[in-house]
Structure formats: C-alpha cells, structure tokens
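Some notes on the structure that comes next.
Just so it is clear, the structure is predicted and the values come from calculations on it, not from any experiment.
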Amino acid sequence: MKKTLIYTSLALAIMQSYSASAEIRFNGFASIKAGIASSDDILYEYDDEIDFKNESLFAIQASADMGDKLSATAQIMAKGRNDFEAEFEWAFLTYELTETLQVSAGRIRTPFYKYSDYLDVGFAYPWVRPPRSIYNIGFATIEGISLYHSDMFGDWDVATQFIYGNFNDTVKPFLYNENAYPVDIQDALGLSVSMTRDWFNFRVGYLQGDLSTDFAAVSPAVASILNGLRAFDQALIGLGAQPLGLEQKAQDVEMVEDPASFLDVSINIDYNDFLINTEWSKLTIDDSFSADREGWFVSVGKRIGDFTPYIVIEHFDSELDESLYQDFPTLTLPIPELQQNYAALQAGVQGLVFSDKVDNDAWTVGVRYNFHPSAAFKIQYTENDDKFMNQTSSLISFGVDLVF
Amino acid sequence: MKKIMTSILCATALMSAQVQAEIAVIVNPANDSSLDKGEISRIFLGKKKSFPNGTSVTPINLSEGAATRGSFDSNVLNKSSSQLKAYWSKLVFTGKGTPPKEVSSDADVVAAVKSDPSAIGYVDASAVTGDVKVVAKF
C-alpha cells in the first residue's frame, strides 16, 4: 500500500512536471514470444502445448527532466505471466551530482548480471532470453538508492554502480521451482564495475544481504521437519533426558536473516561482427539448507547483415551442504518409536538438502533477424540435459522484440 | 526500356553519390574546440557531455530517415542503425542516458548549431554555411 502510494506520487510528479512544461519523454518496448517444449516435458515454464503468454510483455517508460539536474523515471510493465497486469517495474528519482556521478532513489534494478539492467528489453541482446543457467534469480528490482559513476580512464570506459536497499516480494527462483516463495532481503549491498575498451568489456558484480524465506509457509514438508526438530527436544526434556540442541538444527535448516552473497563475472567481445558473451555466477546462502549454486554460459554469434546466428552452451550446478544431515547428534533411546521418529527427522533434513541438487547442461542454437530498425525476430532451439534426474528436454521458442 | 535503364543508372549514381558524400561535423562559430573522431563519437554516444574546454555539449542528431545519418552512423560511430537502437535502449531503459535530440534535415541542423553555442551536429558537406564552423570531415 505504502509502495503503491510512493509510485503513484512519482507518476503524478512526472505528470505535473509535464504540465509545468518540463521535458517529458516516453519510450517503450514489447516482446511477443512463444514457446513449445518437447512432448511431456516442461522447460522454462513451457510445456508441450504452444504458449504465447509466458514471456510476452509490454512496457512504457516515462522520463521527466525537471531541470536543475533532477529527473524522474517510471516504467510500467505488463507481463503475460502475470496476466498482463500492469505494475511499476521501477520508479525512481535521479539527481546528477556531477557530470560523471548520479544518485538515484526508488525502485531500481538490482545489478546482479551483465544484462540485469535491460533484462526485459529483448531488443538489447541476441537471444530469445538471457541464458537461464545464469539468469535464474527470480527477481530483478530492489527498493533503495544507487550511486552510478561513469567516466573514461585512458582508453577505458569505466562504469561503477553502488546500491543499497531492501527487497520484499514473492518470487519463483531458479530453474525448477514451481512454487513461489515470499522472499525478504534486508540491507542488500552491492557493487558492480564494468570496463569497456573498444570491442572488449569486462564486468564484475557483487551483492550481499540478509535473506529470509518462509519455506514452511509454502511447503508442508518443510513445516513438519522444522516443527518435528523443535518438538523432539521438548519430548526429550519431558522424558527427563538431555535435549540434543535440535533448535540449533532447525535454525540451520530454515532461512531467517541468513547471509546471502552473489558474485558474477562476465567478459563480452564484439569484434569484427563476432559476438562472444560469457558469464559466470555463484550464489551462496549460509546457515540454511540451501545449496551453493554456480552457473556459466558461453555464447558465440556473428552478425551477417541483418542476421545474427548464435550458439550458446551453459552449465548450472549446486553444491549441497551435506553436513546438515550427516552430523546429526547420535541418540540411543530405549523407546523404538522415538528412535524411529528421530531417524525420520534426519531423513527429512537429508531430503530437504537434496531438493536443492542441480546438475544441468544446456545448449542453444538460434538466430536473430533485424527485419526492421526497431524490431527483431528471433528463433532458437534449446536442449536441456538434467544430469541429476537423467532427463533431457528441449524447447523451441521464437518471437519479436521491439523498442519504440 | 531505355527509360528504365536510365533511371536505374541515375538511381545507382545517386546512391553511390550518397555513400561517397562527405560529412562535415559542425559547431557554433563561438566554439573554439577541436575534436577528433573518437571524441565526436563519444559525444554522439552520450559518453562525453562536455567540450574539451569544459562547456557542456548538446549533440544534434539527424532523424533516422536522413541520408547523412546513415553514413555518420556507419563511418563515425561504426554502428548499424539496429546496433545503435540496441545501444540506446540499454541506456534509456535504465535511466542512464538519453539519445541526442533529433531534427529532420541538414538545414535544421545548421539552424540549431547556429543558434546554440553548446551545439554540435553533422551535415552533408555541401550544406555547410558561413553561420557554422566545421571541426572535422569524414
């Protein structure tokens, strides 16, 4: 409610500045995309019936230059996967402190990845979608402030962004999660540095924050494990036995204000119409059942007139925190029922840890065709090999990206 | 038939004339800056916001249909119009930059540069008048 109010006021501010004859600029972008997965498979939210809604979107952005180095920007986006319900994707005020330094405040893009800033602007990249082995964190914005510095050092263009803020929303993270989780991140702090010289770009991004996710609210299995761990100690106390410190175990499993960190490195080359993009990232959420996740991709394309054929190879895997179920305190009880319960709890935690297991290869071949200066048609074939589940699935996706 | 041939020939001649036409980069006569190709490119890509003497710069672009625009994009900025569209959408949709103001003809560029000491534009060399100063030719 509070947020809506803020964005409405920001939108009003933009409207007002319009009436006060400040310069206002409207830009927009849209994507109409369709996909169909191989028979009986599901890949990237597509199944084996063609779908035009999942990745289609429309957005309009209004930027008002209020003079005296102050500007307001609001972007309203309607995504097919949200039934085209329009939402403020971002809304912020920007003040130019100097020619090279600007500060923005409001709802801004989180600079996780190389393509984070224009994740939804399909026209800005060659693929139908940025490779999912990397681009799989289920949210892209943050509420806070950003300092952006851009200058030239020798032959290098160097852009540095510092952000601070909070995040609170429901997200669908990673490749396979069908459930949406309420995620809360406090004190998110991030820095990204992008260096460009002629045809070469190098970028590194780092973010950290305190992450809370109420898995128990979404998954009854998680709720029963957490309740079980806590109840077990109480049961032992009731029997006059020593508690095992399973409250600590419960806290190690659940995700409450746990330190999360994210690192992303990318190298991008645009040389003689050859396009090489490569990116690596790692996400760690400490003190929880969550695995460390690591992914990378390499994309090679070539501009040939209006066509850009490309191939992409990707990998995504996770490293489980197996100590979480392995070092359960040993317990020998004269009551078989309780002993069985205890073993079930340990097995439950093991199951939870393994639910985060990912070992995944993918490759893509596709082409982008600029059939209009402001519009591109793209089609690509992606094959995904889930090595953990021993399952191969594929997806054909195509669509038009435009900017206006 | 002859007529068709002639018009094809004329069209071809016109096209090659356009390709070979010289582009003049122009500033206000009051501006004493000298600029190289790299600096001009940076100004029109929004990376450089002031002249070497420190005064702020207002680049004036030609609109997309204009013939000189195409040769400026490919010869000076080394980018196709699709690449430039993608480049600007990256900046526009992140609030990090706005593309230069566009006018529709060489005469409009000359007029804008004439009236604004901070302006820089480019026109077909034949459109240059005494009201503006040429800082580079490509």
Side-chain angles (χ1 to χ4, degrees), chain A residues 23 25 27-29 59 61 63 65 71-75 89-90 92-94 96 99-100 102 104 106 108-109 111 115-126 146 148 150-152 155 157 159 161 196 198-199 270 273 303 305-306 308 368 370-376 401-404, chain B residues 35-67 69-74 76-103 112 116 118:
Chain A
E23 201 172 307
R25 187 186 272 272
N27 294 92
F29 55 91
Q61 176 170 311
S63 324
D65 185 347
S71 62
T73 307
Q75 191 180 95
E89 184 67 17
W90 53 35
F92 54 84
L93 293 171
T94 299
E96 280 178 38
E99 196 178 286
T100 55
Q102 63 183 44
S104 302
I108 49 186
R109 192 44 60 101
Y115 290 92
S116 275
D117 278 350
Y118 33 92
L119 211 51
D120 302 304
V121 191
F123 190 81
Y125 45 78
S146 146
Y148 179 73
S150 161
D151 205 355
M152 190 142 198
D155 290 333
D157 274 310
Q161 187 177 12
T196 311
D198 297 331
W199 46 267
D270 183 342
D273 286 328
R303 254 184 242 111
D306 289 327
T308 307
R368 170 189 173 130
N370 296 324
F371 67 95
H372 182 277
S374 309
D401 292 310
L402 49 117
V403 289
F404 51 91
Chain B
L35 296 163
D36 64 22
K37 190 175 175 177
E39 286 167 319
I40 292 166
S41 160
R42 292 172 55 71
I43 286 173
F44 278 88
L45 292 174
K47 291 177 180 174
K48 195 171 160 60
K49 290 162 189 162
S50 57
F51 285 109
N53 65 16
T55 55
S56 72
V57 55
T58 311
I60 310 286
N61 211 351
L62 274 168
S63 56
E64 229 160 83
R69 163 78 183 261
S71 14
F72 182 79
D73 288 353
S74 58
V76 182
L77 306 182
N78 292 320
K79 286 185 162 61
S80 72
S81 58
S82 290
Q83 280 174 276
L84 279 169
K85 251 314 191 296
Y87 173 84
W88 280 113
S89 43
K90 289 176 189 178
L91 296 174
V92 165
F93 295 118
T94 54
K96 286 172 183 159
T98 29
K101 197 178 137 185
E102 290 182 2
V103 297
D116 181 356
S118 75

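- Ranked by heavy-atom pairs under 4.5 Å with chain B, the list A:M152, A:H372, A:Q75 is led by A:M152.
- Residues that satisfy the salt bridge (charged side-chain N to carboxylate O under 4.0 Å, His left out) test with A:R368, not counting sequence neighbours, are absent from this structure.
- In this structure the side chain of A:P373 reaches within 4.5 angstrom of the side chain of B:E64, judged on heavy atoms.
- With contacts defined as side-chain heavy-atom distances shorter than 4.5 Å, the pair A:R25/B:P99 qualifies.
- Interface with chain A: from residues 43-58 of chain B, residues B:K47, B:K49, B:S50 qualify, criterion being any non-hydrogen pair under 4.5 Å.
- Chain A is approached within less than 4.5 Å, heavy atom to heavy atom, by B:S81, B:S82, B:Q83, B:K85, B:A86, B:S89, B:K90 from residues 81-91 of chain B, ordered by number.
- For A:D270, the part lying under 4.5 angstrom from a heavy atom of chain B is the side chain only.
- In B:K37, the NZ atom is crowded: over 12 heavy atoms of neighbouring residues, nucleotides or ligands sit closer than 6.0 Å.
- In this structure, the portion of A:D157 lying under 4.5 Å from any heavy atom of chain B is its side chain and not its backbone.
- Using a 4.5 Å cut-off between heavy atoms, A:E99 contacts chain B through both its backbone and its side chain.
- Under the rule for a salt bridge (charged side-chain N to carboxylate O under 4.0 Å, His left out), A:E96 has no partner lying at least two apart in sequence or in another chain.
- For the atom pair A:S104 OG and B:K96 NZ, the distance stands at 8.5 Å (nearest 0.5 Å).
- A 4.5 Å side-chain heavy-atom check between A:R109 and B:T94 finds every atom pair outside the cut-off.
- Residue A:F123 touches chain B through both its backbone and its side chain, counting heavy-atom pairs closer than 4.5 Å.
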